[in-house]
Amino acid sequence: MARSIYFFGAGQADGDAQQKDLLGGKGAGLAEMTRLGIPVPPGFTITTEVCNAYYAAGKALPAGVEGEIDAAIGRLESLLDARFGSADAPLLVSVRSGARASMPGMMDTILNLGMNDEIAAGLARRTGSERFALDAYRRFILTYSDIVLGVPRDRFEEALGLARRDAAARLGVDATRLNSAELERKVPDSLLDPGSLAALIQRQKEIVLGATGNPFPDDPRAQLGGAIRAVFDSWNNHRAQVYRKMHDIPHAWGTACNVQAMVFGNLGDDSGTGVAFTRDPSTGERRFYGEWLPNAQGEDVVAGVRTPHPLSRSGSGGGATSGGGDDADDASSLEARMPEAYAQLAAVQARLEQHFRDMQDLEFTIQRGELFLLQCRTGKRTGRAAVRIAVEMAREGLISQREAILRVDPGSIDQLLHPSIDEGAPKRLLARGLPASPGAATGQVVFSADEAERRAGQGKAVILVRSETSPEDIHGMKAARGVLTARGGMTSHAAVVARGMGKSCVAGCSAISVSQGQMAVTIYDDHGHATGSITVKAGDLITLDGGTGRVYLGAVPTVPAALSGEFEELMGWADAVRRLRVRSNADTPHDARTARNFGAEGIGLCRTEHMFFDEERIHAMREMILADGEAGRRRALAKLLPFQRGDFLGVFREMAGLPVTIRLLDPPLHEFLPQDEAQLEQLSKAVGVSAKELRRKSQELAEYNPMLGHRGCRLAITSPEIYEMQARAILEAACEVAAAGIEVEPEIMIPLSMTRRELAITRALVEGVAEQVFAEKGRRVDVRFGTMIELPRAAIVAGELAEEAEFFSFGTNDLTQTTLGISRDDAGRFLGAYVEAGIFAKDPFQSLDVPGVGALVELARDRGRAARPGLKLGICGEHGGDPSSIGFFERAGLDYVSCSPFRVPVARLAAAQAALTAESARGPRATD
Ligand code: PEP
Ligand code: MG
């Protein structure tokens with residue numbers, strides 16, 4: 001291992017922005033800002049390699065690191081003319097985690113470290129504020145005890161309550177009838193006087209002694225060692241692990257640890273702290289945006305205990321929009337309260353955005369009028385904001401169009417495509433909060449993360465309602481459709497995490513109060529006067545509009561997403577660079593239209609079996625299945641023919657001029673038979689066959705392993721008349737559409753083939769029907785014949801199959817199932833453990849198993865194209881909408897991917913990114 005520690009301070013830094021892997025995002029940002037001459041309190045970063053070595057050695061710091069830490073502390077002391085552990089000129093530090101990818105609130109941070117009784121007294125002398133010094137000290141003991149010593153925060157609640165009551169007595173406030181929340185409102189932290197704080201510190205220390213059997217550590221060096229270890233340990237806490245899994249962050253990255261001289265935002269009314277974004281992280285609008293709290297430390301803003309104020313006056317943009325930027329907001333803005341610090345911050349943010357050429361998320365503290373930056377990183381944003389920022393930055397010339405394409409995570413644009421509240425629908429407004437994360441969500445109210453997870457597990461849509469969320473709630477947020485909080489701002493935990501997840505979130509909704517399993521809502525009129533109240537209980541339905549911050553009682557109808565001009569523009573740029581075509585899996589004219597509206601360039605898979613489940617059709621289908629001989633089957637199929645033809649007519653019209661691949665019947669027939677007794681009785685009456693006979697037939701069709709049974713083209717080998725009817729329906733519809741002057745491109749696809757002979761038989765069947773239909777209609781249409789590749793044998797003998805097939809479409813759902821020998825219907829029960837254990841990086845049914853299934857795709861490609869040059873290759877399994885799998889399909893040189901309609905834009909963007917990535921792997925273009 002090279003060096004363990006990278007120092008930054010006084011305009012110089014050992015590291016820079018390129019070293020995120022080693023220094024984490026925070027460490028790299030601090031180093032870069034220092035180099036740029038931006039005011040940053042000095043400090044040092046202990047690398048992620050040290051973290052990994054710490055774990056490799058069974059949680060022990062590698063030899064030599066402690067010496068390097070001492071030396072770095074020495075450098076800090078001489079730079080600041082202060083001493084760590086001295087009461088005369090105390091140096092206090094913060095110890096913060098910071099991984100390569102941001103994991104907001106998941107790992108630990110300790111502030112005000114390096115304190116004991118004497119140092120606190122020294123700090124009081126030095127700052128002239130005993131209250132401030134004791135407040136910093138009691139906060140430090142609380143956090144350190146919780147994080148390092150394992151004495152949970154809530155053990156100290158009662159002591160804090162007593163301190164508030166002490167202070168209340170001194171202030172002459174009658175606290176006898178106040179509950180703890182009311183007491184906190186009447187006596188906030190800022191009103192705790194030195195006497196009550198000193199008594200609180202004493203009580204806190206007693207609690208620590210009682211809980212651990214040891215006194216609270218007085219030695220700042222021991223405190224520092226403990227905090228660094230705790231930060232490394234927090235990389236592996238439960239919530240960090242859950243977060244990493246959700247965001248595909250490898251466990252092997254480790255976190256860096258930043259030790260930095262403290263600056264204080266709680267030194268009085270000329271101090272403060274806040275967070276800022278160089279553009280609006282929710283909408284992407286170009287405006288300096290953020291929140292701050294006067295006389296506070298950073299954790300106060302993020303914890304959401306006090307609702308922060310906007311940075312800018314409403315006229316100049318920015319800030320929380322609760323109440324729509326009114327006069328009170330303006331007066332409390334940083335711009336109004338500290339114009340000089342605001343102007344300096346505005347200049348710094350503009351410079352940082354230009355320097356990093358991306359939207360930045362900043363943390364700052366103002367200590368007695370002096371501005372310091374504590375963090376700068378690429379800001380998290382909603383999908384909507386990502387698109388707008390990328391497009392506008394390209395228009396501004398800050399980045400190229402190609403960079404803009406690569407900037408937007410294809411998965412995140414999913415959010416843009418989701419419905420919003422139907423403004424015209426009747427609805428009952430309950431309350432308003434901050435529009436923290438866009439999208440409409442309806443669900444049953446739940447008040448705990450565990451309950452959210454439990455009910456969601458039962459298939460219920462739930463909205464998680466909390467006073468505020470903390471990282472412990474992450475599993476509940478994941479399970480919920482939306483999140484509503486009573487407290488906290490746009491940068492509170494709830495807001496940041498929900499935006500990252502693409503979930504609807506309304507935060508800081510002060511009209512609600514949550515306690516004892518219910519939510520009390522104060523109703524206000526348009527003038528802000530309270531007019532009544534409503535109680536909402538667990539299980540009641542509410543609807544959130546994360547785009548406006550409104551909360552409605554009951555379920556409110558929604559309307560489909562309206563895509564922005566920037567979105568269309570980005571998609572246009574993406575379409576211009578991508579090579580892969582994007583089709584959609586669509587079974588109905590309605591889905592076909594949706595897909596086409598999203599930019600689908602054809603249908604890659606029309607699953608005909610879905611067409612048989614309608615009330616009238618299922619009868620004919622069942623009749624066909626139950627018929628004893630071919631003649632009976634043909635009679636029933638004749639009833640189905642007009643329905644099928646009608647379906648295809650609709651689909652062909654919607655997809656005029658584009659190819660439509662229709663797959664002939666695939667599932668085993670017993671899937672169409674009644675699943676329960678009541679339905680069986682009903683069917684028995686309808687078809688005049690006894691229930692007993694029906695049961696016998698159903699048992700006869702039942703299979704041990706239906707996925708590997710009598711399905712796919714195997715059905716046509718035993719009962720060719722089914723495929724004959726379908727081929728006729730397709731071709732009659734095609735002729736009819738063509739006769740109406742609409743261009744039609746049918747492709748008939750055979751599922752689950754494994755031998756050339758199966759294809760030869762089904763092809764002869766289709767061609768026979770085609771000749772008949774063309775003769776009857778007096779016109780011909782071009783129709784292509786092809787097959788799915790869903791079995792390893794099919795991939796292996798692809799050369800032979802290509803002799804019969806004009807195209808292949810990889811059915812990677814079945815191909816994954818049959819290659820891995822893992823049932824796609826049962827995999828859910830144990831695949832999670834496989835991913836957990838690192839056997840698969842991701843669920844192979846979601847993200848293609850490239851070394852296994854991918855190798856078969858390549859084999860089939862090579863053998864197929866060798867036998868039939870120009871053989872068209874597509875993929876229509878679920879992987880067709882998965883961005884990382886799309887990267888593979890691009891590299892593999894397939895012609896198109898096909899995915900569900902709502903994934904089409906995702907696939908278009910992912911295909912463009914894959915093309916750009918492949919291009920840059922081949923070397924720069926002359927024009928770039
Ligand atoms: C597949 O197997 O990948 C496929 C698209 O077909 P289905 O999911 O209908 O089996
Ligand atoms: Mg299949």
Side-chain angles (χ1 to χ4, degrees), residues 21 52 55-56 99-101 103 106 235-254 409-412 414 453 456-457 474-475 478-479 500-502 585 705 707-708 788-796 810-861 875-892 894 897-900 903 906-907 910-911 913-914 917:
D21 296 2
N52 289 333
Y55 278 110
R100 202 188 296 192
M103 295 170 52
M106 298 300 131
W235 171 253
N236 260 351
N237 69 31
H238 178 65
R239 60 183 194 238
Q241 293 193 25
V242 171
Y243 188 90
R244 286 203 291 275
K245 216 184 307 161
M246 271 176 66
H247 293 268
D248 293 328
I249 299 172
H251 295 303
W253 281 0
D409 169 9
S412 77
D414 224 10
E453 197 173 55
I474 186 132
H475 60 292
K478 191 175 159 194
M501 290 180 181
N585 296 354
N705 215 331
M707 274 294 178
L708 301 179
M788 297 187 76
I789 301 291
E790 299 181 281
L791 299 169
R793 189 181 199 281
I796 292 164
F810 292 96
T812 48
N813 303 332
D814 273 314
L815 191 57
T816 298
Q817 163 167 269
T818 53
T819 302
L820 274 54
I822 293 180
S823 154
R824 57 198 263 200
D825 298 322
D826 300 318
R829 301 204 193 140
F830 59 90
L831 258 189
Y834 266 63
V835 176
E836 196 111 337
I839 299 171
F840 284 120
K842 283 192 189 167
D843 177 345
F845 287 99
Q846 278 170 19
S847 194
L848 195 81
D849 160 37
V850 170
V853 180
L856 284 175
V857 169
E858 288 172 326
L859 181 77
R861 170 201 62 195
I875 125 96
C876 61
E878 286 308 302
H879 306 89
D882 171 61
S884 72
S885 309
I886 291 171
F888 167 76
F889 300 132
E890 165 65 33
R891 293 193 298 281
L894 300 197
V897 297
S898 187
C899 55
S900 63
R903 297 297 288 180
V906 176
Q913 293 184 348
T917 310

**OP:** Applying side chain to side chain contact (heavy atoms under 4.5 Å, CB included), run through Ile822 and Phe830 and close with a yes or a no.
**Re:** CA-CA 10 Å; Ile822 293 180; Phe830 59 90; 3.7 Å; yes

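- Between Pro883 and Gly411, the closest heavy-atom pair is CG-N, 4.4 Å.
- Residues forming a salt bridge (charged side-chain N to carboxylate O under 4.0 Å, His left out) with Glu836 (at least two apart in sequence, or on another chain): Lys245.
- For the pair Met707 and Ser823, the minimum side-chain heavy-atom distance is 4.5 Å or more.
- You'll find the side chain of Asn813 stays beyond 4.5 Å of the side chain of Glu790, heavy atoms only.
- Side chain of Trp235 to backbone of His251: a donor-acceptor contact under 3.5 angstrom is found.
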**OP:** Would you please test Glu878 and Thr812 for side chain to side chain contact (heavy atoms under 4.5 Å, CB included) and show each step?
**Re:** CA-CA 7 Å; Glu878 286 308 302; Thr812 48; over 6 Å; no

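- Taking 4.5 Å as the limit, every side-chain heavy atom of Asp409 sits out of range of all side-chain heavy atoms of Gln913.
- Proximity of Glu858 to Phe888: side-chain heavy atoms (C-beta onward) are separated by under 4.5 Å at one or more points.
- At distances below 3.5 Å, not a single donor-acceptor pair connects side-chain atoms of Arg100 with backbone N or O atoms of Trp253.
- At least one side-chain heavy atom of Met106 sits under 4.5 Å from a side-chain heavy atom of Ile474.
- Of the possible polar contacts, none joining the Ser898 side chain to the Gly880 backbone as a donor-acceptor pair under 3.5 Å is found.
- No side-chain heavy atom of Val850 sits less than 4.5 Å from a side-chain heavy atom of Val857.
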Sequence neighbours left out, cut at 3.5 Å: what donor-acceptor pairs do the side chains of residues 838-849 make with other protein atoms?
residue	atom	partner	partner atom	Å
Asp843	OD1	Phe845	N	2.7
Ser847	OG	Asp882	OD2	3.1
Ser847	OG	Ser884	OG	2.9
Asp849	OD1	Gly852	N	3.3
Asp849	OD2	Gly852	N	3.4
Asp849	OD2	Val853	N	3.2

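- Contact check for Val897 versus His879: no side-chain heavy atoms found under the 4.5 Å cut-off.
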